[in-house]
Amino acid sequence: MRQHRLRTFATAALLLLGMIAPARTEDRDTSQRIQEEIWALPTPLPMFAYLVRPLGDGPFPLVIMNHGVSLNARDRSFFPLVEFRDAAMWFARRGYLVVAPVGTGYGAAAIDIPERGLYGPFFSKIGKCTNPNFLDTGLAVAQVDLWIIDYMAAEKRTLPKDVIVVGQSAGGWAAIALSSLNPPQVKAIITFAAGRGGRVDGKPNNNCGPDRLVEATGMFGHTSRVPMLWFYIENDTFFGPALSKRMHEAFTRAGGRAEYHLLPPFGDEGHFLIGSPDSIPTWSPLVERFLDKVR
């Protein structure tokens with residue numbers, strides 16, 4: 001065991017109902033029993049991560065799940081340790097080791113007290129809407145994914161060339177950015193409501209710079225060759241159907257490989273579909289079909 005590796009199962013005990021999660025009735029015939037853990041990852045920017053995996057030592061194929069962002073420091077400080085628990089367990093029951101990192105500047109690491117000169121390591125701001133920096137903010141989180149891939153492979157827990165990256169909202173945008181780097185370990189990427197700059201000032205369908213976002217998507221598409229599956233939702237007020245279709249067109253026209261699905265309205269706000277266990281029957285058959293094609 002590496003001396004620098006830190007794990008805190010006490011935190012998991014406080015947050016999770018049990019370390020062993022039984023399969024749900026509908027999954028009982030094909031799923032595996034799974035174990036949930038909380039890790040502290042000693043990456044160059046250390047962070048906590050929710051980890052769920054099948055029982056045993058592995059190595060397993062790896063899924064990384066990127067969460068979205070909030071530009072409000074208070075909201076970041078109350079960010080949940082695991083945002084997509086049910087979706088993560090769905091992958092784990094199918095044999096994947098899932099790592100869902102809590103981004104730097106979130107939760108316990110959200111230290112923003114400007115009047116005392118304290119600033120958390122939050123690096124996801126896009127700047128002013130007159131000149132938003134969509135490219136670098138995506139690539140910054142993509143670098144975090146690469147650190148996690150390398151770390152888990154070095155720990156002999158995961159298969160080095162069997163990685164799937166899943167992302168929602170800004171986390172999905174980071175996954176699109178990652179695809180432009182074509183890391184050889186990543187065989188597929190799945191995004192839910194991916195994008196940046198949505199709902200400026202809290203107003204629905206008010207993107208910071210939609211034309212710039214479409215342009216940046218096309219720029220990532222110029223070099224991206226990783227098979228991708230994109231989900232958007234009809235009642236998403238961050239990245240609505242018209243904008244997401246423009247993004248997909250720009251990406252694929254530039255050479256990117258992305259299968260696009262516009263899902264029907266979900267709840268009051270489709271943007272957060274993946275966070276609900278009720279959405280799994282909607283997206284899981286499409287994910288299974290996609291993954292069968294990229295095996």
Side-chain angles (χ1 to χ4, degrees), residues 2 5 39 41-47 49 51-54 56-67 87-88 91-92 94-101 103-104 123 134-168 170-192 194 216-231 247-248 250-260 286-295:
R2 293 187 178 186
R5 185 173 67 196
W39 284 27
L41 301 176
T43 49
L45 286 174
M47 62 189 68
L51 186 146
V52 59
R53 61 179 176 84
D57 296 329
F60 305 103
L62 172 65
V63 169
I64 298 176
M65 301 189 75
N66 296 329
H67 64 69
F91 281 100
R94 283 151 182 81
Y96 295 92
L97 185 154
V98 183
V99 177
T104 55
F123 52 84
F134 293 128
L135 293 172
D136 289 341
T137 52
L139 290 168
V141 180
Q143 179 59 63
V144 173
D145 288 341
L146 293 174
W147 289 336
I148 294 172
I149 290 169
D150 289 344
Y151 176 73
M152 296 305 295
E155 290 291 296
K156 309 297 184 185
R157 292 300 193 103
T158 60
L159 299 170
K161 294 188 181 294
D162 200 354
V163 179
I164 298 168
V165 177
V166 180
Q168 186 263 350
W173 180 248
I176 294 174
L178 178 68
S179 79
S180 73
L181 305 176
N182 296 301
Q185 307 97 316
V186 177
K187 71 175 186 181
I189 290 174
I190 303 168
T191 67
F192 291 81
T217 310
M219 292 178 70
F220 286 143
H222 277 295
T223 56
S224 172
R225 298 298 180 266
V226 180
M228 302 186 72
L229 178 63
W230 291 13
F231 290 114
M247 293 168 64
H248 180 254
F251 186 79
T252 55
R253 186 173 59 242
R257 301 169 59 191
E259 178 183 323
Y260 174 96
L286 297 169
V287 168
E288 288 183 320
R289 188 179 71 188
F290 170 72
L291 293 180
D292 284 343
K293 290 191 296 186
V294 300
R295 291 189 193 282

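Everything numeric in this text was worked out from a predicted model, so none of it was measured. Both backbone and side-chain heavy atoms feed into the values below; hydrogens, waters and symmetry mates do not.
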task: To the nearest 0.5 Å, tell me how far Ile149 CD1 sits from Thr43 OG1.
output: 12.5 Å

Point-to-point distance, once rounded to the nearest 0.5 Å, from CD1 of Ile164 to NZ of Lys187: 5.0 Å

message: Is it the case that the side chain of Trp230 and the backbone of Ala194 share a donor-acceptor pair, with hydrogens and angles ignored and the cut-off at 3.5 Å?
response: no

Smallest separation among heavy atoms of Pro54 and Ala92, with atom names: CG-O, 3.6 Å

Spatial distance of atom CG (Leu51) from atom CZ (Arg157) [nearest 0.5 Å]: 7.5 Å

- request: Determine, stepwise, if the pair Val226 / Val165 fulfils side chain to side chain contact (heavy atoms under 4.5 Å, CB included).
  value: CA-CA 11 Å; Val226 180; Val165 177; over 6 Å; no

message: A side-chain contact here means heavy atoms from C-beta on lying under 4.5 Å apart; do Phe220 and Leu139 qualify?
response: yes

field: Pairwise side-chain contact, Glu259 with Arg289, heavy-atom cut-off 4.5 Å (strictly under)
entry: yes

query: Considering all heavy atoms of both residues, which atom of Phe231 and which atom of Val287 are nearest to each other, and what is their separation?
result: CE1-CG2, 3.8 Å

- prompt: Quick one: side-chain hydrogen bond (donor to acceptor under 3.5 Å, both in side chains) partners of Gln143, sequence neighbours excluded?
  reply: none

task: State, yes or no, whether a side-chain contact exists between Ile176 and Ser224 at a heavy-atom distance under 4.5 Å.
output: no

- request: Could you tell me whether the side chain of Ile64 reaches within less than 4.5 Å of the side chain of Met152, counting heavy atoms only?
  value: no

field: Nearest atoms (heavy-atom pairs only) where Pro183 meets Leu146
entry: CB-CD2, 3.8 Å

message: On a heavy-atom basis, which atom in Met65 and which in Ala87 lie closest, and how many Å separate them?
response: CE-CB, 3.9 Å

Gap between atom CG of Leu97 and atom CG of Leu159 - 0.5 Å precision: 10.0 Å

- prompt: Atom CG in Leu135, atom OG1 in Thr137: separation rounded to 0.5 Å?
  reply: 7.5 Å

message: So which atom in Ala174 and which in Ala142 form the shortest heavy-atom distance, rounded to 0.1 Å?
response: O-CB, 3.8 Å

message: What verdict does the side chain to side chain contact (heavy atoms under 4.5 Å, CB included) test give for Val52 and Phe91, after you've listed the backbone C-alpha separation in whole Å, the side-chain angles of each residue and the deciding distance to 0.1 Å?
response: CA-CA 9 Å; Val52 59; Phe91 281 100; over 6 Å; no

message: Using a 3.5 Å distance criterion without hydrogens, assess whether the side chain of Asn66 forms a donor-acceptor pair with backbone atoms of Ala170.
response: no

field: Met247/Tyr260 under side chain to side chain contact (heavy atoms under 4.5 Å, CB included): CA gap, chis, key distance, verdict
entry: CA-CA 10 Å; Met247 293 168 64; Tyr260 174 96; over 6 Å; no

Under the side-chain hydrogen bond (donor to acceptor under 3.5 Å, both in side chains) test, residues paired with Arg253 that sit two or more places apart: Glu249

query: Is there side-chain contact between Ile148 and Pro101, with at least one heavy-atom pair below 4.5 Å?
result: yes

- prompt: Sub-3.5 Å donor-acceptor pair from the side chain of Arg257 to the main-chain atoms of Arg225, do we have one?
  reply: yes

- request: Could you tell me which non-hydrogen atom of Thr191 sits nearest to which non-hydrogen atom of Gly172, and how far apart they are?
  value: CG2-O, 3.6 Å

task: Please examine the side chains of Pro227 and Lys293, heavy atoms only from C-beta on, and report whether any two atoms are closer than 4.5 Å.
output: no

- request: Please check if atom CG in Asp57 has more than 12 non-hydrogen atoms from other residues, nucleotides or ligands closer than 6.0 Å.
  value: no

statement: Value for CG (Leu62) from CG (Asp145), rounded to nearest 0.5 Å, stands at 9.5 Å

task: Side-chain contact test, heavy atoms from C-beta onward, threshold under 4.5 Å: evaluate it for Leu181 versus Val186 and give yes or no.
output: no

field: Test side chain to side chain contact (heavy atoms under 4.5 Å, CB included) applied to Leu291 and Tyr96, step by step
entry: CA-CA 12 Å; Leu291 293 180; Tyr96 295 92; 3.7 Å; yes

field: Side-chain touch Trp147/Asp150, heavy atoms, less than 4.5 angstrom
entry: no

task: Please answer whether the main-chain N or O of Phe251 pairs with a side-chain N or O of Thr217 as donor and acceptor at a distance below 3.5 Å.
output: no

